[in-house]
Undergrad: 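Please read through the structure below; I'll follow up with questions.
Quick note on labels: first sequence line is chain A, next is B, and so on, each numbered from 1.
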There are 2 protein chains.
Amino acid sequence: MAAVDLATHPGHLARRLQQAHYLLWNTMVSEEITSPQFAVLNALVAEPGLDQRTVGERVGLDRSTIAEVISRLDRRGLLHKERDPRDGRRFLLRLTDEGLRTHRKLTVRTARMNQVFLAPLSAEERTVFFDLIGRVADAAEGLRDPAGPLAAQG
Amino acid sequence: MAAVDLATHPGHLARRLQQAHYLLWNTMVSEEITSPQFAVLNALVAEPGLDQRTVGERVGLDRSTIAEVISRLDRRGLLHKERDPRDGRRFLLRLTDEGLRTHRKLTVRTARMNQVFLAPLSAEERTVFFDLIGRVADAAEGLRDPAGPLAAQG
DNA sequence: CTGAAATACTCAGTGCGCTGACTATCGGTC
DNA sequence: GACCGATAGTCAGCGCACTGAGTATTTCAG
């Protein structure tokens with residue numbers, strides 16, 4: 001009976017939340033374009049001509065993952081990559097017309113899905129929900145690398 | 001400028017939260033055993049002899065995913081599968097001594113990690129955090145299948 | 001007792017997400 | 001102007017997570 005209650009484990013809650021969202025997205029928004037792919041489209045609507053690394057930074061994905069997501073969007077013809085003439089290492093990314101149309105369409109559906117997803121919460125609770133999750137995520141993202149935390153063993 | 005603010009998109013927040021947790025887990029808890037794997041160990045500490053499907057239900061994983069997680073734990077010698085003599089379709093799962101030891105060790109580290117992860121929140125805020133996320137996840141998990149939601153297109 | 005539905009599990013395919021090792025380019029120093 | 005470190009991107013490998021299709025076993029209707 002040394003078992004623990006997972007309902008007080010933020011990691012487990014986060015995973016369940018993300019999973020539930022994934023399923024709802026699939027039924028209410030798109031079976032083709034995923035939520036991370038939409039995040040990338042959105043970043044490029046806000047700032048056309050970003051390079052891969054910076055897009056990854058904006059949406060919170062590492063270099064490998066962002067490369068795969070972008071290559072899928074590229075294959076679907078939603079964006080195109082172009083070598084930066086001023087820095088041969090970079091690719092500059094821009095949405096195609098099709099990419100812009102897709103973003104517009106999904107923006108509408110996403111708003112609708114969020115209403116359903118957040119239905120259990122009152123307006124005030126939603127604000128708190130965003131605030132609390134945002135603070136925890138921000139803090140944890142700022143925790144990267146500092147001197148081997150596995151040090152304090154037990 | 002039709003771009004959207006992802007900080008008010010629960011799916012995006014959930015993904016960031018989960019990612020940040022994943023990284024912290026890796027540094028503070030274990031590089032070998034993942035958070036979902038720990039959830040499975042925990043479920044089997046609470047209820048030894050469960051079958052795969054039920055474990056999946058307890059921790060919120062589908063049949064395919066739970067099968068992979070369990071086969072990894074099996075390969076590591078943390079649990080063993082045994083055909084249910086009363087129902088040849090099922091495998092009954094039990095932790096090995098090694099599995100029990102691992103669960104005990106990780107329970108301690110996980111508690112420590114959760115303190116760090118939740119550090120930005122006060123005690124009251126943590127309660128609210130668990131409550132809000134739990135309610136949204138519960139509700140969304142209860143939304144499965146009901147008559148094709150993609151129907152209401154826009 | 002036999003055939004059909006239900007159930008537990010497996011397998012192939014796709015996508016997200018990370019690390020570590022590698023290549024190519026750039027930028028600065030000597 | 002040649003090296004050296006930093007940076008952008010690729011690739012292989014592992015793990016989580018889902019769907020859809022397929023196998024084996026059980027259960028229930030007749």
Side-chain angles (χ1 to χ4, degrees), chain A residues 11-12 14-27 30-40 50-57 59-76 81-93 140-141 144-145, chain B residues 11-12 14-27 30-40 50-57 59-76 81-93 140-141 144-145:
Chain A
H12 188 249
R15 192 175 56 71
R16 283 182 53 213
L17 187 67
Q18 213 231 311
Q19 227 58 251
H21 175 268
Y22 168 84
L23 292 177
L24 194 58
W25 179 281
N26 243 270
T27 53
S30 172
E31 292 177 337
E32 313 280 311
I33 306 299
T34 65
S35 173
Q37 286 173 25
F38 175 73
V40 169
L50 287 183
D51 66 309
Q52 271 187 219
R53 192 193 66 71
T54 308
V55 172
E57 217 171 75
V59 303
L61 294 178
D62 73 300
R63 65 200 185 295
S64 291
T65 304
I66 198 68
E68 289 175 25
V69 173
I70 284 174
S71 100
R72 281 183 205 108
L73 292 172
D74 193 9
R75 278 203 300 274
R76 281 185 188 286
K81 304 166 67 163
E82 186 187 356
R83 280 278 178 203
D84 184 341
R86 300 191 303 176
D87 186 341
R89 293 169 301 183
R90 281 186 169 83
F91 287 106
L92 304 183
L93 306 172
E141 283 171 358
R144 306 276 179 51
D145 83 311
Chain B
H12 189 248
R15 192 174 58 70
R16 282 182 54 214
L17 188 66
Q18 213 231 313
Q19 227 58 251
H21 175 267
Y22 168 85
L23 292 177
L24 194 58
W25 178 282
N26 242 271
T27 54
S30 172
E31 291 176 338
E32 313 280 311
I33 307 298
T34 64
S35 172
Q37 286 174 25
F38 175 73
V40 169
L50 287 183
D51 65 310
Q52 271 187 219
R53 193 194 65 74
T54 308
V55 171
E57 217 172 74
V59 304
L61 294 177
D62 73 300
R63 66 204 185 290
S64 293
T65 305
I66 198 67
E68 289 176 25
V69 172
I70 284 175
S71 99
R72 279 181 208 110
L73 292 172
D74 193 10
R75 278 203 300 276
R76 280 184 188 287
K81 304 167 67 162
E82 186 186 356
R83 279 277 178 206
D84 185 341
R86 301 191 301 175
D87 186 339
R89 293 168 300 183
R90 283 185 168 84
F91 286 106
L92 304 184
L93 306 171
E141 283 170 358
R144 307 273 179 55
D145 83 311

Undergrad: Could I get the full list of side-chain contact (heavy atoms from CB on, under 4.5 Å) partners for B:E68, not counting sequence neighbours?
TA: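 By the side-chain contact (heavy atoms from CB on, under 4.5 Å) rule, B:E68 matches B:R72.
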Undergrad: Between the side-chain atoms of A:S64 and the base atoms of D:dC11, is any donor-acceptor pair under 3.5 Å?
TA: yes
Undergrad: Roughly how many Å is it from CD in B:E68 to P in D:dC18, rounded to a whole number?
TA: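 For the pair B:E68 CD and D:dC18 P, the rounded distance is 11 Å.
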Undergrad: Taking CZ from A:F91 and P from C:dT23, how many angstroms apart are they, rounded to a whole number?
TA: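 So the two atoms are 17 Å apart, to the nearest Å.
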Undergrad: B:D51 CG to D:dT26 P: how many Å, rounded?
TA: 14 Å
Undergrad: Does B:R90 have a side-chain nitrogen or oxygen under 4.0 Å from the phosphate oxygens OP1 or OP2 of D:dT25?
TA: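 No, because none of the side-chain N or O atoms of B:R90 sits under 4.0 Å from OP1 or OP2 of D:dT25.
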Undergrad: For the base of C:dG17, is there a side-chain donor-acceptor partner from A:R63 under 3.5 Å away?
TA: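 Check fails, no donor-acceptor contact within cut-off.
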Undergrad: side-chain contact (heavy atoms from CB on, under 4.5 Å) with B:T54: which residues, sequence neighbours excluded?
TA: B:L50, B:D51, B:R58
Undergrad: Who pairs with B:H12 by ring-ring contact (aromatic ring centres under 6.0 Å, His included), at least two apart in sequence or on another chain?
TA: none
Undergrad: Polar-atom pairs under 3.5 Å, protein N or O versus N or O of nucleotides 24-28 of chain C: list them with distances, or write none.
TA:
unit_1: C:dT25; atom_1: O3'; unit_2: A:G88; atom_2: N; d: 3.3
unit_1: C:dC26; atom_1: OP1; unit_2: A:G88; atom_2: N; d: 2.4

Undergrad: Tell me, please, which residues at least two apart from B:R86 pass side-chain contact (heavy atoms from CB on, under 4.5 Å).
TA: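 B:R86 satisfies side-chain contact (heavy atoms from CB on, under 4.5 Å) with B:D84 once adjacent residues are dropped.
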Undergrad: What heavy-atom pair brings B:P85 and B:L92 nearest, and what distance separates the two atoms?
TA: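 Scanning both residues, the minimum pair turns out to be CD-CD1, 4.5 Å.
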Undergrad: To the nearest Å, how far apart are A:N26 CG and C:dG15 P?
TA: 12 Å
Undergrad: Let me spell it out: for each of B:L92 and A:T34, pick the nucleotide of DNA chain C with the closest heavy atom. Which residue's pick is nearer the 5' end?
TA: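 Result: B:L92.
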Undergrad: Is the phosphate of D:dC18 approached by B:T65 (side-chain N or O, under 4.0 Å from OP1 or OP2)?
TA: yes
Undergrad: Given atom CH2 of B:W25 and atom P of C:dC18, what is their separation to the nearest angstrom?
TA: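 The distance from CH2 of B:W25 to P of C:dC18 comes to 17 Å, rounded to the nearest Å.
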Undergrad: Does A:K81 make a side-chain N or O approach to OP1 or OP2 of D:dA8 shorter than 4.0 Å?
TA: no
Undergrad: I need the full list of salt bridge (Lys or Arg N to Asp or Glu O under 4.0 Å) pairs touching residues 14-24 of chain A, with sequence neighbours left out, sorted by first then second residue.
TA: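 Counting only pairs at least two positions apart or across chains, the salt bridge (Lys or Arg N to Asp or Glu O under 4.0 Å) contacts touching residues 14-24 of chain A are A:R16-B:D138, A:R16-B:E141.
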Undergrad: I need the CG-P distance between A:L24 and D:dA17, as an integer number of Å.
TA: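 Nearest whole value for this atom pair: 18 Å.
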Undergrad: Grab the CG-P distance between B:D62 and C:dC9 for me, whole Å please.
TA: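 In whole Å, C:dC9 P and B:D62 CG are 13 Å from each other.
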Undergrad: Return the 5'-most residue of the pair A:Y22, A:R53 with respect to DNA chain D, ranking by each residue's nearest nucleotide.
TA: A:R53
Undergrad: Could you tell me how far apart A:I33 (CD1) and C:dT14 (P) are, to the nearest whole angstrom?
TA: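 Between P of C:dT14 and CD1 of A:I33: 16 Å.
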Undergrad: Taking all heavy atoms of A:V59 and all of A:A39, pick out the closest pair and write down the distance.
TA: CG1-O, 3.5 Å
Undergrad: Looking at B:Q52, does any N or O in its side chain come under 4.0 Å of the phosphate oxygens OP1/OP2 on C:dA8?
TA: no
